[in-house]
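Chain identifiers are assigned alphabetically (A, B, ...) following the order of the sequence lines, protein sequences preceding nucleic acid strands; residue numbering begins at 1 within each chain. Predicted model, so just to flag it, every value in this text is computed and none were measured. Atom set for the values below is all heavy atoms of this structure, side chains included, hydrogens, waters and symmetry mates excluded.
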There are 2 protein chains.
Amino acid sequence: MSEPAEISPLTLSRLPLYLRCLRQLQEKGTTHVSSSQLAQQFELSASLIRKDLAQFGEFGIRGTGYRVDELVDRLNGLLGLDRIHKMAVVGMGSLGSALARYLSVNDRPFKIVAAFDVDGGRVGSKLGHLIVHHSREIPEVIPETGARIAVLAVPASAAQKCYEDLTDSGIEAVLNFAPIRLKRNPAVRTKSVDFQIYLEELAYFLRS
Amino acid sequence: MSEPAEISPLTLSRLPLYLRCLRQLQEKGTTHVSSSQLAQQFELSASLIRKDLAQFGEFGIRGTGYRVDELVDRLNGLLGLDRIHKMAVVGMGSLGSALARYLSVNDRPFKIVAAFDVDGGRVGSKLGHLIVHHSREIPEVIPETGARIAVLAVPASAAQKCYEDLTDSGIEAVLNFAPIRLKRNPAVRTKSVDFQIYLEELAYFLRS
DNA sequence: ACCCGCTTGTGAACCATGTCACAAGCGTCT
DNA sequence: AGACGCTTGTGACATGGTTCACAAGCGGGT
């Protein structure tokens with residue numbers, strides 16, 4: 001079809017999934033894969049996968065399927081995973097530290113370039129070869145480091161303030177883990193991950 | 001209307017949000033609230049909130065709004081948050097430990113009653129006043145403790161095996177943090193939280 | 001007792017998403 | 001070269017969710 005006008009959010013959420021699966025196939029040496037093979041990997045319908053992929057041009061080969069290498073490259077480019085993404089982590093409590101470790105490993109193109117906290121015991125300490133800054137230094141340090149993504153792992157009471165400091169400092173995307181509904185800056189892509197709410201959703205199914 | 005036939009998943013995901021906001025209002029001493037007041041707290045439309053709430057009977061008062069106390073009680077009951085929910089945590093790495101701390105605090109009705117890992121250095125250690133068991137003991141310990149919810153925080157390579165052990169042991173709901181697409185047991189409510197994928201989604205918006 | 005303002009509950013229109021079914025097209029085998 | 005099997009790309013349909021608009025109804029003030 002035409003060029004990526006605007007990917008629908010649900011399609012977008014599946015692309016990284018496809019990509020992950022394709023990389024596994026790539027490592028196994030598989031060169032081609034059909035939509036129905038992909039479909040049974042995840043629990044999705046083959047036609048949905050085809051529709052998702054067809055939005056970015058026709059790179060399937062009828063009768064054969066998709067070339068794994070080509071699809072990986074294309075999706076990587078589409079998602080912007082062919083560049084390095086610099087991230088800042090705010091809040092170095094147990095969750096923030098775990099996330100820092102968790103998100104920067106692997107061959108992923110996400111690198112942590114700054115860390116912040118307000119706790120005197122943690123400010124100045126080391127995260128790998130990074131120094132933990134005080135959160136009040138966000139406005140200076142963020143532009144210096146060039147971070148564009150921030151991971152927010154502070155207590156709910158501090159989250160809104162930190163969020164605003166970050167967005168004011170030029171951060172363009174935020175992944176929030178504080179259990180609070182942020183008042184969003186519309187210019188900044190903001191995604192919230194709220195464990196408490198997930199648990200409460202699960203609890204609903206256990207009211208037997 | 002009639003009794004909770006089956007709540008749609010999107011409605012369900014908003015109910016905990018409402019509840020959290022309502023509890024805050026309750027603490028501030030607010031007795032009544034209108035759908036439009038709630039709407040501007042989150043970024044939702046008032047009519048959506050009314051539709052969500054109207055599914056469980058009419059407890060709004062026309063001209064006035066909703067009674068906060070009543071709504072809190074009703075939603076609490078609906079989500080099953082008026083009982084204690086026993087949870088098991090599997091994988092006590094940095095993420096698992098952080099989650100354990102994070103999810104069991106507060107006045108929330110979720111209590112951790114068992115913890116598991118495979119690492120010799122961690123098995124036998126203490127989590128609060130709990131002992132960390134070896135994961136191979138899942139089939140015995142889960143039924144003993146009566147846990148119905150499990151939090152999976154193990155490496156991707158171990159996740160499917162652990163998931164199956166858990167569901168075979170009577171676990172009824174799983175919150176998975178391993179970066180992998182689980183082959184699900186249809187009898188078990190399974191929710192996956194995948195940080196890597198969230199980051200990749202955000203990266204898409206940064207391909208300037 | 002009545003009126004008036006405000007807010008709910010809800011049917012209908014609108015939109016997004018996913019499913020189905022099938023024509024178009026590639027590759028292979030004879 | 002031609003026919004066949006398989007798989008994609010895609011239009012038409014079905015489903016589910018949200019917004020809109022408004023009648024119904026509560027409560028306070030006169």
NZ or CZ of R207(B) within 45° of Y204(B) ring axis and under 6.0 Å: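 The answer is yes, since R207(B) meets both limits relative to Y204(B).
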Within 45° of the ring axis of F42(B) and under 6.0 Å from its six-membered ring centre, is that where the NZ or CZ of R181(A) lies?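 Negative - R181(A) is either too far from the ring of F42(B) or too far off its axis.
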Using the ring pair (Phe, Tyr, Trp, His ring centres under 6.0 Å) rule, collect all pairs that involve residues 65-95 of chain B, keeping only residues at least two apart or in two chains.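 The answer is H85(B)-F110(B).
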Residue-phosphate contact under 4.0 Å: Y66(B) side-chain N/O, dC26(D) OP1/OP2: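 The answer is no; no side-chain N or O of Y66(B) sits under 4.0 Å from OP1 or OP2.
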Could you state the interatomic distance from [atom1] ([X]) to [atom2] ([Y]), rounded to the nearest 0.5 Å?
X	Y	atom1	atom2	value
F116(A)	M92(A)	CZ	CE	11.0 Å
R148(B)	R83(B)	CZ	CZ	8.5 Å
L81(B)	D73(B)	CG	CG	11.5 Å

Restricting to nitrogen or oxygen on both sides, can you table the protein-nucleotides 1-4 of chain D pairs closer than 3.5 Å?
none

Does D194(B) pair with R20(A) as a salt bridge, N-O distance under 4.0 Å?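 Salt bridge flag = yes for R20(A) with D194(B).
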With the threshold set at 4.0 Å, does a side-chain nitrogen-carboxylate oxygen contact exist between E200(B) and R108(A)?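 Between R108(A) and E200(B) there is a salt bridge, with a charged N closer than 4.0 Å to a carboxylate O.
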Among F195(A), F177(A), Y102(A), which residue satisfies the ring-ring contact (aromatic ring centres under 6.0 Å, His included) criterion with F177(B)?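 The ring-ring contact (aromatic ring centres under 6.0 Å, His included) with F177(B) is passed solely by F195(A) among F195(A), F177(A), Y102(A).
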Which nucleotide, dG9(D), dT18(D), dT17(C), lies nearest any side-chain atom of P9(A)?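 Looking only at side-chain atoms, P9(A) lies closest to dT17(C).
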Between dT17(C), dG17(D), dG9(C), which nucleotide has the shortest distance from any of its atoms to the side chain of A54(B)?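 When the side chain of A54(B) is considered, dG9(C) is the closest of dT17(C), dG17(D), dG9(C).
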Tell me, please, which residues at least two apart from E144(A) pass salt bridge (charged side-chain N to carboxylate O under 4.0 Å, His left out).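 Not a single residue meets the salt bridge (charged side-chain N to carboxylate O under 4.0 Å, His left out) criterion with E144(A).
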Let me know, please, whether T11(B) or G60(A) comes out on the 5' side of the other along DNA chain D by nearest nucleotide.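 Final value for this comparison: G60(A).
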Starting at atom CG of L38(A), determine the distance to atom P of dG9(D), rounded to an integer number of angstrom.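 Answer to the nearest Å: 12 Å.
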Which parts of nucleotides 25-30 of chain C does protein reach within less than 4.0 Å, heavy atoms only, written one letter per nucleotide 5' to 3' as B for base, S for sugar-phosphate only and - for none? BBS---
For nucleotides 19-21 of chain D, give me every protein contact, N/O to N/O, under 3.5 Å, one pair per line with atom names.
from    : atom 1 : to     : atom 2 : distance (Å)
dT19(D) : OP2    : S45(B) : OG     : 2.8
dT19(D) : O4     : K51(B) : NZ     : 2.9

Which residues, if any, of residues 30-37 of chain A bring a heavy atom under 4.0 Å of DNA chain D?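 Those residues are S34(A), S35(A).
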